[in-house]
Amino acid sequence: MPTATEALIVIDVQNDFCPGGALAVAGGDEIVSGINGLMRDYATIVLTQDWHPANHLSFADNHPGATPFSLIDMPYGPQVLWPSHCVQGTKGAEFHPALQTNPAQLVIRKGFRLEIDSYSAFFENDRKTPTGLEGYLKSRGVTALTLVGLATDFCVAYSALDASKLGFKVTVRGELCRAIDLDGSLAAARSQMQAAGIALT
Ligand code: VGL
Ligand code: ZN
């Protein structure tokens with residue numbers, strides 16, 4: 001059983017990342033009941049919610065002529081252009097209806113700044129603008145994290161790598177994650193996580 005110093009971080013289990021959603025991840029809905037079950041074991045639970053304005057610069061729709069899943073250069077580096085997804089206040093941005101949200105103490109919303117995407121629960125894609133989650137967890141005495149959710153190769157991996165750099169002991173429960181897998185991104189994310197000493201089940 002996890003102890004008081006261990007937290008469960010549930011990444012972006014939202015309608016738009018589930019089948020039928022705007023950026024659907026294959027099997028994204030299959031992990032919901034397992035995550036609900038895992039919540040019973042943790043005293044500290046944080047949910048993240050991808051939360052973009054409609055004119056967000058990570059959306060292909062906001063770059064005339066651009067196709068979804070192409071790459072552009074942003075001031076902070078290369079950025080994938082996504083189909084418009086998780087727009088603030090829409091059904092697609094809501095948590096999957098079967099996800100239990102009552103056990104969570106904190107919901108971290110990310111990606112709300114127009115000009116910068118945020119995959120990680122800890123830092124935006126410039127790798128330096130903090131979300132505040134580090135302070136929340138450390139001030140509560142949390143030292144170890146278990147990560148689950150969507151998508152394995154983007155928001156879960158970025159969050160896990162940042163958490164590890166910040167000194168948390170990190171476990172990613174792979175069976176409770178699903179991937180987008182864009183041009184080998186899943187294999188790349190897995191090897192980066194393994195190289196960082198993240199436990200990947
Ligand atoms: C995500 C792409 C764009 C994710 C969020 O949750 O992995 N991926 N926004
Ligand atoms: Zn997003």
Side-chain angles (χ1 to χ4, degrees), residues 8-32 35 46-63 66-72 74 76-96 99 101 107-127 129 131 133 145 147-163 170 172-174 176-190 192-193 198 200:
L8 177 65
I9 314 292
V10 180
I11 305 288
D12 298 1
V13 181
Q14 293 167 259
N15 289 325
D16 270 344
F17 297 124
C18 290
L23 179 43
V25 179
D29 54 341
E30 295 166 3
I31 62 177
V32 175
I35 293 173
V46 176
L47 310 179
T48 70
Q49 193 171 24
D50 211 38
W51 194 250
H52 301 303
N55 55 349
H56 197 252
L57 290 183
S58 77
F59 295 169
D61 288 339
N62 296 319
H63 299 264
T67 38
F69 306 108
S70 61
L71 273 175
I72 56 157
M74 295 286 238
Y76 53 81
Q79 167 71 48
V80 179
L81 291 180
W82 301 107
S84 296
H85 64 278
C86 297
V87 173
Q88 296 168 3
T90 63
K91 267 261 169 261
E94 290 175 13
F95 292 113
H96 184 284
L99 183 75
T101 58
V107 175
I108 284 275
R109 287 176 166 169
K110 59 185 182 62
F112 49 78
R113 282 192 189 83
L114 189 65
E115 73 290 351
I116 180 166
D117 207 0
S118 187
Y119 296 151
S120 164
F122 293 93
F123 295 102
E124 303 197 22
N125 284 11
D126 61 359
R127 324 302 298 134
T129 305
T131 63
L133 183 57
L145 305 178
L147 276 79
V148 297
L150 305 170
T152 321
D153 43 345
F154 287 91
C155 292
V156 174
Y158 276 66
S159 300
L161 290 165
D162 280 347
V170 184
V172 172
R173 294 279 294 257
L176 295 177
C177 298
R178 291 292 183 276
I180 295 174
D181 205 9
L182 190 63
D183 298 326
S185 55
L186 178 58
R190 283 185 159 276
Q192 279 181 290
M193 290 193 277
I198 292 164
L200 202 56

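One-based numbering, in listed order, for ligands and for the atoms of each.
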### Query
How far is atom 6 (O) of ligand 1 from its nearest protein heavy atom, and which residue and atom name does that atom have?
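Here the nearest protein heavy atom works out to Asp12 OD2, 2.7 Å.
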### Task
Give the residue, atom name and distance (to 0.1 Å) of the protein heavy atom nearest atom 1 (C) of ligand 1.
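Closest protein heavy atom to atom 1 (C) of ligand 1: Cys155 SG, 3.2 Å.
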Strictly under 2.8 Å, is any N, O or S atom of [X] next to the Zn ion (ligand 2)?
X	value
His52	yes
His85	yes
Asp50	yes

### Query
So, is Ala151 polar-close to ligand 1, with some N/O to N/O distance under 3.5 Å?
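Yes; at least one N/O pair falls below 3.5 Å.
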### Task
Examine His85 against ligand 1 and note whether any of their N/O atoms are separated by less than 3.5 Å.
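Such a contact does occur with ligand 1.
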### Flag side-chain contact, heavy atom, 4.5 Å: Asp12 against Phe154
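Heavy-atom side-chain distance check fails, nothing below 4.5 Å.
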### Message
With a 6.0 Å cut-off on the ring centroids, do His96 and Phe17 count as close?
### Response
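Not under 6.0 Å, so no.
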### Task
Would you indicate which of Asp50, Leu150, Asp117, Asp153 comes nearest to atom 5 (C) of ligand 1 when only heavy atoms are counted?
Asp50
### Task
Would you sort out whether Asp50 and Lys110 count as a side chain to side chain contact (heavy atoms under 4.5 Å, CB included), showing the intermediate values?
CA-CA 5 Å; Asp50 211 38; Lys110 59 185 182 62; 3.1 Å; yes
### Query
Yes or no on salt bridge (charged side-chain N to carboxylate O under 4.0 Å, His left out) for Arg178 and Asp29, after CA distance, side-chain angles and deciding distance?
CA-CA 9 Å; Arg178 291 292 183 276; Asp29 54 341; over 6 Å; no
### Query
Any idea which atoms of ligand 1 are less than 4.0 Å away from a heavy-atom of Phe17?
1 (C), 4 (C), 5 (C), 6 (O), 9 (N)
### Query
So which of Val156, Leu200, Leu147, Ile35 actually passes side chain to side chain contact (heavy atoms under 4.5 Å, CB included) with Cys177?
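Option passing the side chain to side chain contact (heavy atoms under 4.5 Å, CB included) with Cys177: Val156.
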### Task
Report the part of Val156 (side chain from C-beta onward, or backbone N, CA, C, O) that has a heavy atom under 4.0 Å from ligand 1; answer both or neither where that applies.
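Looking at Val156 and ligand 1, no heavy atom falls under 4.0 Å.
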### Query
Can you tell me how far the OG1 atom of Thr152 sits from the CE atom of Met193, to the nearest 0.5 Å?
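Thr152 OG1 to Met193 CE: 7.0 Å, rounded to 0.5 Å.
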#### Entry: Spacing of CG belonging to Leu23 relative to CZ belonging to Phe59, to within rounding of 0.5 Å
9.0 Å
